[in-house]
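All remarks here apply to the structure that follows.
Here is how names work: the chains are called A, B, and so on, in the same order as the sequence lines, proteins then strands, and each is numbered from 1. Just the heavy atoms: all of them, side chains too, but no hydrogens, waters or symmetry mates, feed the values below.
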Protein chains: 2
Amino acid sequence: MRELLLNLAEQAMCARGYGGFSYADIARDAGIRKASIHHHFPSKQDMGLAVLDRYGERLVQRLKLIGQSSRSGGQALAAIIDLYRERAGSGGMLCLCAAMSGDVHAIDDRIRSALQRINDLVIASLEEILVTGRGDRSISVGGDPKAEATSILAMLQGAQLMARVTMNPATFDAATEVLAARIYRG
Amino acid sequence: MRELLLNLAEQAMCARGYGGFSYADIARDAGIRKASIHHHFPSKQDMGLAVLDRYGERLVQRLKLIGQSSRSGGQALAAIIDLYRERAGSGGMLCLCAAMSGDVHAIDDRIRSALQRINDLVIASLEEILVTGRGDRSISVGGDPKAEATSILAMLQGAQLMARVTMNPATFDAATEVLAARIYRG
DNA sequence: GTCTATAATGAGATAGAC
DNA sequence: GTCTATCTCATTATAGAC
């Protein structure tokens, strides 16, 4: 049940943000009463943090897998773009970080710190990918890899935000076209 | 009073999004009762749309002014970056579009259309600036100007989102460092 | 672990006096 | 235009039975 609740909460938060879902929503979808949720997660902040923590752990695994299974930096970067496109594709959802970042004012510092840690994690991964891609000539990297990685994350999150407005995943593609074009495909 | 209410609502929305402010907040800051707000704006959606419409009109003026007063494409692009940095600098606020985009699920189609229109407007402005900058050799423009403009807007909105998480405007600068470096300064 | 019942708060909105 | 008073609804959260 705890896992089911986490799944439903993550889905809801990606779709409508931290402030955009309620215990009532989750309870209905889970088939239990909302009071029962408090047994698993005493407060909504606890639930939000638990969702974000699990999300962070899974992201680490996924980034590691992308690094291992990619035969070039370019292939890894393409996988990262796909990772963010997934959410934008399914009904204008955001990655959990972008979704929760919009509600930073409503959440406590534990969650904000976790968000910051995850962003830094993705930036570090992207930086490593850019360095690899520069080495194997599969990505065009003009400037400092760390700075490039930071701007790429901003672009990916911004592209999701813009796609949500149009309700069209093509908007995400349009906003990341330039990034995708920096990959030299064999 | 109407103008005061619009100002307070815009401020609140940039700071906490559409769902993050209430008539009670605005009423307190304006020094009137919340029932009185309904005289000026029957529903919260009406208020949100009015704020966004005014924002769009002002943005048009500001973009026009930037185009007129800039002596090069690079100078204009720098002005646009500053425009977005302003908000990120003052306490992790977002531009109104980014702030409302996070709450798209909670607003009606009139507002969503207005958001889309404003995004398109900024993209068109950026495209024009890139073309100018490419012509006068003040900006490095590699790909299609329209695609570049779209990704730049995504980057700027994403940079604001990331800066909100760290509560540090330097994060905005880090995420836009690569963009700023594309400007050749005389 | 889940339930019923309820508390406590805050939201947007309306009616009608002044 | 602004007020008081009220409505209706949704929210998170708690107490206590089963």
Where the side chain of A:Q160 meets the backbone of A:Y84, is there a donor-acceptor pair that is under 3.5 Å apart? yes
Of B:R87, B:R164, B:R16, the one forming a side chain to side chain contact (heavy atoms under 4.5 Å, CB included) with B:L94 is B:R164
Cationic N near anionic O, under 4.0 Å, B:E128 to B:R134: no
NZ/NE/NH1/NH2 to OD/OE distance under 4.0 Å, B:D109 and B:R112: yes
Provide the start and end nucleotides, 5' to 3', of the part of DNA chain C that has atoms under 4.0 Å from heavy atoms of chain A. C:dG1 to C:dA5
For [X] and [N], what is the distance between atoms [atom1] and [atom2] respectively, to the nearest whole Å?
X: A:I26; N: D:dA13; atom1: CD1; atom2: P; value: 14 Å
X: A:R28; N: D:dA10; atom1: CZ; atom2: P; value: 11 Å
X: B:K34; N: D:dT4; atom1: NZ; atom2: C1'; value: 12 Å

Under 4.0 Å, counting only non-hydrogen atoms across every strand here, what does B:S36 touch: a base, just sugar-phosphate, or nothing? base
Regarding A:F21, tell me which of base, sugar-phosphate or nothing describes its non-hydrogen contacts under 4.0 Å with the strands shown. sugar-phosphate
Please identify each residue that fulfils side-chain hydrogen bond (donor to acceptor under 3.5 Å, both in side chains) with A:Q157, with sequence neighbours left out. A:N119
Ignoring hydrogens and angles, state whether a donor on the side chain of B:R2 or B:N7 is under 3.5 Å from an acceptor on the partner side chain. no
